[in-house]
Peer 1: 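One structure follows; several queries about it will come next.
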Amino acid sequence: MKLLQFLFLFLTVVIFGSYFLFGSGFNEWYVFVLSLVSVLNMLLFDFVARSAFRRRGLFCASTLFLISYSIVFFQFPLLAPFYEEIRFNSFLWMREEFVNWTTMISAGSIHLFMAGYIWGITNGTRNARPALVAVASRDKLRVLLYSLPLASIGCFAAFMALVGKSYLSGAYGGSANWGAGATYLFRLFEVLFYLTIALEIYKIKQQKPNVGVIEYIFSFNIHTLAFIGFFFLFHLFTGDRGPVITLLLMLVGGYDLLFKRLPIFISIVAIVAGVFSLSFISAYRTKDASLTIEERIEKGKQKTKDKKFYEITGDLAASVRIMNYAVMLTPEISDYYFGWIQAGRVATSVPLAAGVLRKAIPIQVHQTPLGSTSSSIFTYHVLGPDSTIGVGSSILADLYIDFGIVGCFAGMLLFGYFIAWSEFKASSTFALFPVVFYLMVVSTSIYWPRSFIGISFQQWALTFGILYVIHRYFLGNRRVMLRPNLNH
């Protein structure tokens, strides 16, 4: 693994140096080679990592992140030399003079991510020691797993009372139309639901550490299975893919790392089936609340009919353009933000604190108030201040507008270490907080490449605030000495 880490660090230097041979612009074969080398090395990394750490399957956080990253940053650069509609697509390549630069950053960053992951795993293994860890009482945990779903359903009922039936119609207008109260009720509903699932998985791991898939499913409490069914069908009915993906990743990703590694063939079939299914769910959703279910299904069929193969993941892959926005805006329009964007996300992670902090800290950087996101900045400059839709962001664009290429390279190295640490801690100790933390990581792993690096600060702050209170005042603060399980 150390040799592989050295290879990735060396290739990062080579990739960075290669840009000065080709310069600015859009050389489709240059970006093709960079993308191909990156994808092949991602496959090599995943193969070696799964061989070295036997618990690691395709549904672990690091592999899911790599799959999503390869689509976001490399799908269209790989296809550009072969499809004119991609090569000359002004929507994807808004400023062609930046494409070589952004692809080089994407390729170098993912090699540093993999080097950082190896660093995290080897460092964790070398420093593993027996430690006192918090362990939840089984009896009290059982009572809690009846209470949390009831609290979550109460939040959902209050949310529906505020927003009405329009959300159930499959129409969407964005949470901006809900109001602050409804938004936080819905967030609390989801946080309590995900926390219920995480605690169920932790309970199963305590009681049956090596269950098979079927036994794993039926080890959940019957009322929790009913709650999962309601949550799953509710979001499928409304056409909202995000919570469905989060739920499935938590369930499958938790099993894959904490219990038994799923066979590769089954994992690949599941991923392909999931991509096609979620593509249809996206097509099913509409802004027209008057359409019947049958009409929305027919509309979904028409949208997915005769799609080219690369259009199945086209929505995700189109996020490659956002890195061009970041380079276009900094420093041409404004200078780098030097951490202001990331500091804002951390500072406003406490629910309802954003407005208070903006008033308490009236400082602005480049006319950007505390708590602004990279997505809002890109939207303002690309679509204008009156736009009702957002252009989104990506993990590299989010880092780039703060610190440029140095932020991308250093940030991805540390991010790889962070992912490795979360996997190692959860799989080696099986303690309450590391297990819940990893389940939160794996459930968002596929979103990270096309979102902020601090994608879930607020949700995580709320989740662990609730978990701390529960463990401190309800489950008890019992601690036991656990020896790390290094049989990876």
Side-chain angles (χ1 to χ4, degrees), residues 68-69 72-73 90-99 101-103 105-106 109 173-177 180 183 242 315-350 353-412 415 444 447-459 461:
S68 180
Y69 189 100
V72 169
F73 294 103
S90 59
F91 173 73
L92 293 176
W93 326 111
M94 188 174 182
R95 296 279 293 273
E96 288 197 0
E97 65 264 34
F98 298 134
V99 176
W101 176 251
T102 57
T103 307
I105 293 175
S106 302
S109 295
S175 59
N177 299 326
T183 299
D315 287 346
L316 187 61
S319 297
V320 70
R321 74 192 189 281
I322 299 169
M323 190 57 183
N324 285 340
Y325 297 161
V327 176
M328 177 184 72
L329 296 177
T330 53
E332 284 197 4
I333 294 176
S334 65
D335 201 355
Y336 299 113
Y337 286 82
F338 298 108
W340 183 248
I341 304 303
Q342 307 310 325
R345 290 196 66 80
V346 175
T348 58
S349 61
V350 179
V356 175
L357 285 172
R358 286 194 187 103
K359 291 179 180 178
I361 309 175
I363 302 170
Q364 294 191 2
V365 175
H366 308 315
Q367 299 181 334
T368 302
L370 184 70
S372 298
T373 65
S374 54
S375 176
S376 65
I377 295 169
F378 300 148
T379 300
Y380 178 86
H381 288 289
V382 175
L383 300 180
D386 300 321
S387 175
T388 58
I389 60 173
V391 300
S393 189
S394 71
I395 189 171
L396 294 184
D398 199 48
L399 291 167
Y400 192 90
I401 64 169
D402 260 337
F403 298 108
I405 186 173
V406 174
C408 292
F409 282 3
M412 290 298 288
F415 188 68
T444 54
Y447 294 108
W448 252 307
R450 67 170 300 177
S451 189
F452 320 113
I453 193 167
I455 179 175
S456 300
F457 272 151
Q458 189 175 82
Q459 182 178 349

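From a predicted model like this one, the values you see are computed outputs, not experimental measurements. Both backbone and side-chain heavy atoms feed into the values below; hydrogens, waters and symmetry mates do not.
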Peer 1: Let me confirm one number: the OH-OG distance from Tyr325 to Ser394, rounded to the nearest 0.5 Å.
Peer 2: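 Taking OH in Tyr325 and OG in Ser394, the distance rounds to 11.0 Å.
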Peer 1: What verdict does the side-chain contact (heavy atoms from CB on, under 4.5 Å) test give for Val391 and Leu383, after you've listed the backbone C-alpha separation in whole Å, the side-chain angles of each residue and the deciding distance to 0.1 Å?
Peer 2: CA-CA 8 Å; Val391 300; Leu383 300 180; 3.5 Å; yes
Peer 1: Considering non-hydrogen atoms only, spot the tightest contact between Phe403 and Gly339 and give its length.
Peer 2: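 Looks like CZ-N, 3.3 Å.
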Peer 1: Between Gly392 and Ile322, which heavy-atom pair has the shortest distance, and what is it?
Peer 2: C-CD1, 3.7 Å
Peer 1: What distance do Tyr337 atom OH and Tyr400 atom OH have between them, rounded to the nearest 0.5 Å?
Peer 2: 13.5 Å
Peer 1: Do you know which two heavy atoms are closest between Gly411 and Leu399, and how far apart they sit?
Peer 2: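 Minimum heavy-atom contact is CA-CD1, 4.2 Å.
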Peer 1: Please give me the minimum heavy-atom distance between Asn324 and Leu92, naming the atom from each residue.
Peer 2: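 Scanning both residues completely, I find the closest heavy atoms to be ND2-O, 3.5 Å.
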Peer 1: Assess whether side-chain contact (heavy atoms from CB on, under 4.5 Å) is satisfied between Trp101 and Ile405, documenting all intermediate values.
Peer 2: CA-CA 10 Å; Trp101 176 251; Ile405 186 173; 3.9 Å; yes
Peer 1: If we only count heavy atoms from C-beta on, is the Phe452 to Ser375 side-chain gap below 4.5 Å?
Peer 2: yes
Peer 1: For Gln342 versus Asp398, what's the shortest heavy-atom pair and its separation?
Peer 2: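 Smallest heavy-atom distance, with atoms named: NE2-OD2, 3.0 Å.
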Peer 1: Please work out which of the three classes, parallel, tilted or perpendicular, describes the rings of Tyr69 and Phe73, given edges at 30° and 60°.
Peer 2: tilted
Peer 1: Calculate, to the nearest 0.5 Å, the distance between atoms CZ and CE belonging to Arg321 and Met328 respectively.
Peer 2: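 If we round to the nearest 0.5 Å, Arg321:CZ and Met328:CE are 11.5 Å apart.
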Peer 1: To the nearest 0.5 Å, what is the distance between CE (Met412) and CD1 (Ile453)?
Peer 2: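 Between atom CE of Met412 and atom CD1 of Ile453 there are 7.0 Å.
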Peer 1: Please give me the minimum heavy-atom distance between Tyr336 and Gly404, naming the atom from each residue.
Peer 2: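 Heavy atoms only, the tightest pair is CE2-CA, 3.6 Å.
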Peer 1: Looking at CH2 of Trp93 and OG1 of Thr102, how far apart are the two atoms once the value is rounded to the nearest 0.5 Å?
Peer 2: 7.5 Å
Peer 1: About how many Å separate CD1 of Ile395 and OH of Tyr447, when rounded to the nearest 0.5 Å?
Peer 2: 15.5 Å
Peer 1: Donor-acceptor pair, distance only, cut-off 3.5 Å: does the side chain of Ser319 make one with the backbone of Leu316?
Peer 2: yes
Peer 1: Does a side-chain heavy-atom distance below 4.5 Å link Leu396 with Val72?
Peer 2: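 Contact flag for Leu396/Val72 side chains = no.
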